[in-house]
Amino acid sequence: MHDHKNLLERVAADMPSDSFLLKLSELYKTFSDGTRMKILFSLYEAPMCVCAIAELLGMTQSAISHQLKTLKDSKLVTSRREGKTVYYSLADDHVKSIIAIGCEHLLEDGGAEI
């Protein structure tokens, strides 16, 4: 029989709380929707208004607004108002990094095509 006591103590000491892991799980669930991923990719290069995203993705403004609310609630996108127009953008460089690392992982060793 192996003695894993030291390993288990070290891992247990570094284990985040259940509430933190639940929040992390919810964050990753936000990325699990194809439309939300398309929106995030749309905003990767530049801020856009709802009507531009809707046109780009061939969807209604209502459908885009619904998904943007989810992304905003998860703090993945932010918005700013210019007159009557609201522009959405990625919340910060962490969001870009999450997307970039996911793409890199999928593309390594020819595992996927863009």
Side-chain angles (χ1 to χ4, degrees):
M1 180 177 255
H2 300 311
D3 181 11
H4 300 294
K5 183 179 178 184
N6 291 337
L7 172 64
L8 297 178
E9 286 174 356
R10 190 175 72 239
V11 171
D14 291 337
M15 182 71 69
S17 69
D18 287 347
S19 63
F20 181 85
L21 291 173
L22 179 60
K23 288 177 185 177
L24 184 60
S25 174
E26 291 299 322
L27 173 67
Y28 282 116
K29 283 180 189 177
T30 305
F31 287 96
S32 70
D33 180 87
T35 299
R36 288 193 291 266
M37 286 305 302
K38 287 178 182 179
I39 292 170
L40 291 170
F41 266 94
S42 300
L43 300 175
Y44 196 89
E45 293 299 326
M48 297 175 78
C49 63
V50 173
C51 59
I53 299 168
E55 185 177 334
L56 177 68
L57 301 183
M59 298 177 68
T60 65
Q61 289 185 29
S62 176
I64 297 299
S65 293
H66 174 76
Q67 297 300 341
L68 282 167
K69 181 184 180 330
T70 300
L71 292 167
K72 197 169 182 182
D73 289 347
S74 295
K75 297 183 174 92
L76 295 173
V77 301
T78 188
S79 62
R80 67 176 164 76
R81 181 175 293 277
E82 280 187 24
K84 292 182 178 183
T85 305
V86 178
Y87 290 92
Y88 292 87
S89 59
L90 298 181
D92 56 35
D93 286 339
H94 293 116
V95 180
K96 277 191 169 186
S97 295
I98 293 167
I99 294 168
I101 289 169
C103 290
E104 183 180 321
H105 178 71
L106 289 174
L107 293 170
E108 71 184 3
D109 299 330
E113 294 181 20
I114 292 182

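We count residues from 1, following the sequence as given. Keep in mind that the numbers below use all heavy atoms, side chains included, and drop hydrogens, waters and symmetry copies.
Under the 4.5 Å side-chain heavy-atom criterion for Ile, Leu, Val, Met, Phe, Trp and Tyr, Phe41 and Ile39 are members of the same hydrophobic cluster. A continuous path of hydrophobic side-chain contacts links Leu7 to Met15 [ILVMFWY only; heavy atoms under 4.5 Å]. Linking Ile, Leu, Val, Met, Phe, Trp and Tyr residues whenever their side-chain heavy atoms come within less than 4.5 Å leaves Leu21 and Leu8 in two separate clusters. The hydrophobic cluster containing Tyr28 also contains Met37, counting ILVMFWY residues as joined when their side-chain heavy atoms lie under 4.5 angstrom apart, directly or transitively.
Residues forming a side chain to side chain donor-acceptor pair (under 3.5 Å) with Ser17 (at least two apart in sequence, or on another chain): Ser19. Partners of Glu9 by side-chain contact (heavy atoms from CB on, under 4.5 Å), not counting sequence neighbours, listed by chain and number: Lys5, Asn6.
With values rounded to the nearest 0.5 angstrom, Thr78 atom OG1 is found 11.5 Å from Leu68 atom CG. Residue Leu40 holds its CG atom at 9.5 Å from CD1 of Ile98, rounded to the nearest 0.5 Å. One distance of note links CG of Leu27 with CG of Leu76; it measures 5.5 Å at 0.5 Å rounding. In this structure, the separation between SG on Cys103 and OH on Tyr44 is 7.5 Å, given to the nearest 0.5 Å. Distance check, rounded to the nearest 0.5 Å: OG1 of Thr30 to CG of Asp73 gives 9.0 Å. For the atom pair NZ (Lys75) and NE2 (His94), the distance works out to 14.0 Å, reported to the nearest 0.5 Å.
Among residue pairs with one or both ends in residues 33-49, none qualify as salt bridge (charged side-chain N to carboxylate O under 4.0 Å, His left out); sequence neighbours excluded. Among pairs with a residue in residues 23-32, those fulfilling salt bridge (charged side-chain N to carboxylate O under 4.0 Å, His left out) read Glu26-Lys29, at least two apart in sequence or across chains.
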Solution key, residues 79-90 side-chain donor-acceptor pairs under 3.5 Å, sequence neighbours excluded:
from	atom 1	to	atom 2	distance (Å)
Ser79	OG	Lys72	NZ	2.5
Arg80	NH1	Glu82	OE2	2.3

Mind listing the side-chain donor-acceptor pairs of residues 56-65 below 3.5 Å, one per line with the distance, residues two or more places apart or on another chain?
from	atom 1	to	atom 2	distance (Å)
Thr60	OG1	Ala63	N	3.0
Ser65	OG	Gln61	O	3.0

